[in-house]
Amino acid sequence: MSIEVEVDESDLAEMVEQVWESYLDPEGVSPLIPTYDENQPSEVHSSVSITGSWTGHVVYASSRAAALRAAAAFLAMDLDEVSEEDMSDTLGELANIVGGNVKAMLPPGSQLSLPQVNLTPESSARFPNTQRIGGVYGAWEGEPVSISMWQSRIDNKEEGA
């Protein structure tokens, strides 16, 4: 049995803002500018799954350019020093940080998976039997970035049974 998620879009937005200020823009010069476009393009994705009292996913998605910039900021490196592995590790850690914050707001008993990272276009990063229940959609230095939450539809069917 699953509960309704207790994390809403304003909670998620606050988590994302804290991550941005702590890891990606500590100087406050390059904020994530809201676009509110849940259909914006993305090229790379990372996600964590949460299971237990709530079942779903937290997904970080962006352009490759934004992912490269995130890795450089997160790892305090120059853009030309960032490798694919650095980018993958950073995207996984960003999903893990936000996912851990979401999990902390749920009732006890939820578990967080290891991050999954996909450095390929959006069409290959789908979550079957889920529905998007919220997200933060923006542009970072002109590049698309989103952090969204997806709830398992299987849980919804179980609740109605």
Side-chain angles (χ1 to χ4, degrees), residues 1-26 31-64 66-67 70-71 73-75 87-140 143-161:
M1 180 170 129
S2 178
I3 60 160
E4 284 296 313
V5 68
E6 296 181 0
V7 181
D8 63 24
E9 280 189 320
S10 65
D11 295 325
L12 185 62
E14 187 175 318
M15 291 174 203
V16 169
E17 184 177 337
Q18 289 172 355
V19 167
W20 225 261
E21 290 173 356
S22 297
Y23 300 104
L24 303 180
D25 186 31
L32 181 64
I33 306 298
T35 63
Y36 308 102
D37 179 6
E38 67 182 41
N39 297 311
Q40 66 189 20
S42 58
E43 298 170 301
V44 296
H45 308 83
S46 58
S47 64
V48 290
S49 298
I50 300 172
T51 56
S53 57
W54 180 78
T55 302
H57 311 277
V58 174
V59 179
Y60 180 98
S62 72
S63 67
R64 285 188 72 82
F74 195 89
L75 300 171
M87 192 166 41
S88 180
D89 289 348
T90 298
L91 293 179
E93 190 57 33
L94 291 170
N96 194 48
I97 293 167
V98 176
N101 286 327
V102 169
K103 177 187 166 279
M105 294 185 72
L106 298 172
S110 294
Q111 301 208 354
L112 189 68
S113 74
L114 292 173
Q116 299 296 311
V117 179
N118 190 347
L119 299 178
T120 59
E122 182 176 20
S123 62
S124 59
R126 298 283 182 218
F127 298 97
N129 298 317
T130 62
Q131 69 182 46
R132 185 181 357 218
I133 60 167
V136 173
Y137 311 95
W140 186 32
E143 295 292 330
V145 175
S146 67
I147 299 87
S148 56
M149 291 177 32
W150 298 74
Q151 183 169 7
S152 172
R153 289 186 185 150
I154 294 169
D155 287 340
N156 294 337
K157 291 177 185 173
E158 288 173 0
E159 286 177 1

*For G135, does its backbone N or O pair with a side-chain atom of E9 as donor and acceptor, under 3.5 Å?*
yes
For residues [X] and [Y], determine if any side-chain heavy atom of one lies less than 4.5 Å from a side-chain heavy atom of the other.
X    : Y    : answer
V98  : Y60  : no
V16  : V19  : no
P144 : S63  : yes
P34  : V136 : no

Distance in Å, [X] [atom1] paired with [Y] [atom2], rounded so as to fall on 0.5 Å steps:
X    : Y    : atom1 : atom2 : value
R132 : Q151 : CZ    : CD    : 14.0 Å
S148 : H57  : OG    : NE2   : 10.5 Å
D89  : L94  : CG    : CG    : 11.0 Å
S88  : N118 : OG    : CG    : 9.5 Å
W54  : I133 : CH2   : CD1   : 4.5 Å
Y23  : T90  : OH    : OG1   : 12.0 Å

*asked:* Please determine whether the number of non-hydrogen atoms from other residues, nucleotides or ligands lying under 6.0 Å from atom OH of Y137 exceeds 12.
replied: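 Above 12, so yes.
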*Return yes if a side-chain donor-acceptor contact under 3.5 Å exists between Q40 and T35, otherwise no.*
yes
Using every non-hydrogen atom in the two residues, find where [X] and [Y] come nearest and quote the distance to one decimal.
X    : Y    : value
I147 : V145 : CD1-CG1, 4.0 Å
L119 : V117 : CD2-CG1, 3.9 Å
S110 : I50  : CB-CG2, 4.0 Å
N96  : P115 : CB-CG, 4.0 Å
L24  : W140 : O-CZ2, 3.7 Å
K103 : L112 : CD-CB, 3.8 Å

